[in-house]
Amino acid sequence: MSKEERTSAADFIRAIVAEDMKTGKWGGRVVTRFPPEPNGYLHIGHAKAFCLDFDIAAQNDGVCHLRFDDTNPTAEEQEYIDAIQDDLRWMGCDWGEHLYYASDYFPQMYAYAEQLIKAGHAYVCDLTAEQTRQHRGSLTEPGKDSPYRNRSVQENLDLFHRMRAGEFPDGSRTLKAKIDMSSPNLNMRDPVMYRIIHAHHHRQGRTWCIYPMYDWAHGLEDSIEGVTHSLCSLEFENHRPLYDWFLDKLGVHHPQQIEFARFNLTYTVMSKRKLRRLVEEGHVNGWDDPRMPTLRGLRRRGYTPESIRECMRRVGMAKFTGTTDIALLEHCLRQHLNKCSPRVMAVLRPLKVVITNYPDGQTEQLEAVNNPEDPTAGTRSIPFSREIYIEQDDFLEDPPKKFFRLAPGREVRLRYAYFITCTEIIKDAAGRIVELHCTYDPATRGGDSPEGRKVKATLHWVSAEHSLPAEVRLYEHLFTCENPEDVGEGRNCTDNLNPHSLQVISDCRIEPSVADTVPGDRFQFERLGYFCTDKDSSKTKLIFNRTVTLRDTWAKIQKQQRQTNR
RNA sequence: UGGGGAAUAGUGUAAUGGCAGCACGAGUGACUCUGGCUCACUUAGUCUAGGUUCGAAUCCUAGUUCCCCAGCCA
């Protein structure tokens with residue numbers, strides 16, 4: 001990390017941290033934490049939060065804890081704990097020894113609760129959930145005191161002990177903080193601290209049957225760990241007075257909670273609930289479907305951690321809830337992939353071309369550059385022969401203006417190979433073009449004309465005989481509109497699903513150099529886009545995902561032409 | 001409706017009383033053995049109305065719009 005990166009206050013949160021470091025508010029320490037609840041997979045929205053947490057710690061020689069906020073046994077599973085760590089490691093996050101679980105603090109939290117009861121700040125309440133709701137009042141009306149609000153300390157202590165001992169059924173009693181039932185902030189109207197849940201906890205088993213609520217637990221977790229800056233999203237702003245109240249009443253280490261706007265992306269949804277629905281209703285093929293904004297999905301799609309981090313850096317940090325254009329993410333992706341992806345030639349929709357003046361049965365090896373952006377990537381050789389495939393899109397019998405590619409009588413370059421000229425179109429009975437006959441110019445071997453003759457286009461190609469069959473999965477945005485959640489009454493985001501978000505092409509051809517590819521390998525298929533080998537791919541059946549297309553100026557021209565012809 | 005927040009080009013974000021800048025997008029052109037990359041240029045903004053000030057995106061007043069809160073979820 002450069003000195004500038006370490007010292008610059010790029011946003012309002014880093015400015016606060018920098019100021020605290022200057023004044024020595026926390027003794028020159030920075031401790032942050034990323035506290036996911038293990039009840040789902042991480043998505044790119046989380047990336048904004050954990051990049052901030054881990055980077056701020058690193059930039060200040062501090063530490064960032066990974067803490068699983070496992071305070072609700074009914075939703076949480078070990079599977080998610082493993083997956084979250086796997087995703088975070090992939091993203092390059094380093095928590096060192098600092099892996100913690102909120103549930104490990106349950107004894108300490110219990111002791112703190114007793115302390116609050118003894119100080120008269122908490123009481124056991126026998127109201128049902130429904131009654132509690134009624135007592136809470138509304139946005140405009142104050143709440144009413146619970147009839148159990150003024151129990152003696154002794155009785156509260158006794159009942160609380162018996163709650164913990166398992167004497168009462170689920171939902172029969174709660175421990176509540178005694179604050180102010182008429183507070184305009186609903187969170188301060190005697191919030192529940194503990195509820196009774198007789199359930200198996202994925203780590204604690206049956207040790208506990210009372211579980212702390214978020215507001216009670218979270219500040220304690222931060223405090224116990226010596227966190228200095230507790231960074232969270234905007235919806236917790238209303239909870240900060242409660243966070244502060246608990247820690248003040250306890251008189252313990254009191255971190256500063258700072259809120260920021262969460263990350264939204266166009267053409268996708270981000271809430272766990274909606275993502276779960278996409279999976280459960282079969283709109284996608286699991287949590288790691290390459291169309292999903294989950295980190296697992298993005299990873300399988302071929303995204304790099306670097307590009308996600310770069311996007312987060314560019315998005316910045318503010319308190320305005322906006323939506324980032326997915327074009328920014330894709331720009332960061334292309335920028336990184338352009339630098340690091342080896343180039344390869346693949347033909348998605350093959351059109352056979354016979355080079356009529358090329359010797360039958362002859363094969364030669366031609367040298368191709370692996371990555372023009374990276375001289376150290378070297379070269380490879382690719383086989384050329386009399387019959388090749390080109391892209392169907394690269395030939396037009398009756399080319400419109402500005403179409404530079406192959407057409408009857410026109411000469412183009414085959415990349416790294418020869419100039420060819422189209423001499424004949426072969427059609428089937430239905431009039432479909434099934435084959436092209438071309439001639440080549442032997443003097444242009446390697447792709448250049450010795451006398452400096454120019455061509456307007458360079459096409460990618462593969463040798464028919466030597467190329468490998470492959471399946472390619474093309475992805476588009478999962479939804480057809482920028483904000484899929486913006487739907488009318490009685491409709492939901494699945495109404496905006498893009499029916500073309502996945503297109504499988506099974507008869508592609510790819511150059512033989514990729515024969516040994518393994519899942520996760522990334523390539524640029526020249527002139528098409530960036531692709532990566534899917535986890536379903538094998539030696540006998542090659543399968544690639546399109547990560548993102550190249551910028552496509554021709555597609556834009558076509559779109560313009562279509563509009564002007566209308 | 002009570003409370004808590006937020007409003008700067010199409011989008012995201014700087015400027016903390018002193019030249020409204022950057023990035024993405026869009027458009028035009030140059031270059032090119034990828035219609036890629038790269039480069040150049042263009043486009044376009046302070047929510048509204050008052051006020052303070054030599055000077056306001058920034059301070060004050062009033063308003064407008066948007067987001068969050070009535071789980072024994074986090």
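Keep in mind it's a predicted model, so treat the numbers as computed, not measured. Side-chain atoms are counted along with the backbone in the values below, which use heavy atoms only and exclude waters and symmetry mates. In what follows, chains are A, B, ... by sequence order, proteins preceding strands, each numbered from 1.
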Round to a whole Å and report the spacing from [atom1] of [X] to [atom2] of [N].
X        : N     : atom1 : atom2 : answer
A:Lys402 : B:G29 : NZ    : P     : 7 Å
A:Met193 : B:A74 : CE    : P     : 14 Å
A:Arg262 : B:G12 : CZ    : P     : 16 Å
A:Asp126 : B:C72 : CG    : P     : 16 Å
A:Leu459 : B:U34 : CG    : P     : 11 Å
A:Glu37  : B:C73 : CD    : P     : 10 Å
A:Phe12  : B:A15 : CZ    : P     : 12 Å
A:Ile557 : B:G27 : CD1   : C1'   : 13 Å

Would you indicate what [X] reaches in the nucleic acid, counting non-hydrogen atoms under 4.0 angstrom: base, sugar-phosphate, or nothing?
X        : answer
A:Thr323 : sugar-phosphate
A:Arg240 : nothing
A:Glu373 : base
A:Pro372 : base
A:Ala318 : sugar-phosphate
A:Asp448 : base
A:Leu127 : base
A:Phe403 : base
A:Tyr194 : nothing
A:His218 : nothing
A:Gly322 : sugar-phosphate
A:Leu139 : base
A:Tyr211 : nothing

Examine [X] together with [Y] and report whether their ring centres are nearer than 6.0 Å.
X        : Y        : result
A:Tyr101 : A:Phe68  : yes
A:His218 : A:Tyr214 : yes
A:Tyr80  : A:Tyr41  : yes
A:Phe531 : A:Phe544 : no
A:Phe384 : A:Trp461 : yes

Quantified in whole Å, what is the [atom1] atom distance between nucleotide [N] and nucleotide [M]?
N     : M     : atom1 : value
B:C69 : B:A57 : P     : 34 Å
B:G10 : B:A44 : P     : 10 Å
B:U28 : B:C37 : P     : 15 Å
B:U46 : B:U58 : C1'   : 10 Å

Would you say [X] places a side-chain N or O within less than 4.0 Å of OP1 or OP2 belonging to [N]?
X        : N     : result
A:Arg195 : B:G71 : no
A:Arg133 : B:G71 : yes
A:His460 : B:U34 : no
A:Gln560 : B:G27 : yes
A:Arg136 : B:C72 : yes
A:Lys556 : B:G27 : yes
A:Thr553 : B:G36 : yes
A:Arg551 : B:C37 : yes
A:Thr71  : B:A74 : yes

query: Is the shortest heavy-atom distance from the side chain of A:Gln524 to the side chain of A:Leu337 under 4.5 Å?
result: no

Donor-acceptor pair, side chain of A:Gln561 and main chain of A:Lys401, under 3.5 angstrom: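 A pair under 3.5 Å: yes.
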
query: Quick check: does any side chain N or O of A:Glu511 sit under 3.5 Å from a backbone N or O of A:Met345, one acting as donor and the other as acceptor?
result: yes

query: Hey, which of these two, A:Asp325 or A:Pro184, hits RNA chain B nearer its 5' end, going by closest nucleotide?
result: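 Between the two, 5'-proximity favours A:Pro184.
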
- request: Please tell me which of A:Met317 and A:Arg415 maps to the more 5' nucleotide of RNA chain B, matching each residue to the nucleotide holding its nearest heavy atom.
  value: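 The 5'-side residue here is A:Met317.
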
Distance (rounded to the nearest 0.5 Å) between A:Met188 CE and A:Asp215 CG: 9.5 Å

- request: Measure across A:Met270 and A:His43 and return the closest heavy-atom pair with its distance rounded to 0.1 Å.
  value: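 Answer, listing the atom of A:Met270 first, then A:His43: O-NE2, 2.9 Å.
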
query: For RNA chain B, what dot-bracket results from Watson-Crick or G-U pairs at under 3.5 Å, with [ ] for crossers and | for inter-strand partners?
result: .((((((..((((....[..))))((((((.......))))))...(((((..]....))))))))))).....

Is there a donor and acceptor pair, one atom on the side chain of [X] and one on the base of [N], closer than 3.5 Å?
X        : N     : answer
A:Arg314 : B:U13 : no
A:Glu330 : B:G25 : no
A:Gln524 : B:U34 : yes
A:Asn238 : B:C68 : yes

- request: Determine, answering yes or no, if A:Tyr214 is stacked on B:A74 under the 5.5 Å centre rule and the 30° plane rule.
  value: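 Here the ring of A:Tyr214 and the base of B:A74 are not stacked, as the 5.5 Å and 30° limits are not both satisfied.
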
- prompt: Would you say A:Phe320 stacks on B:A7, if stacking means ring centres under 5.5 Å apart and planes within less than 30 degrees?
  reply: no

query: Is the count of non-hydrogen atoms from other residues, nucleotides or ligands lying under 6.0 Å from A:Lys456 atom NZ greater than 12?
result: no

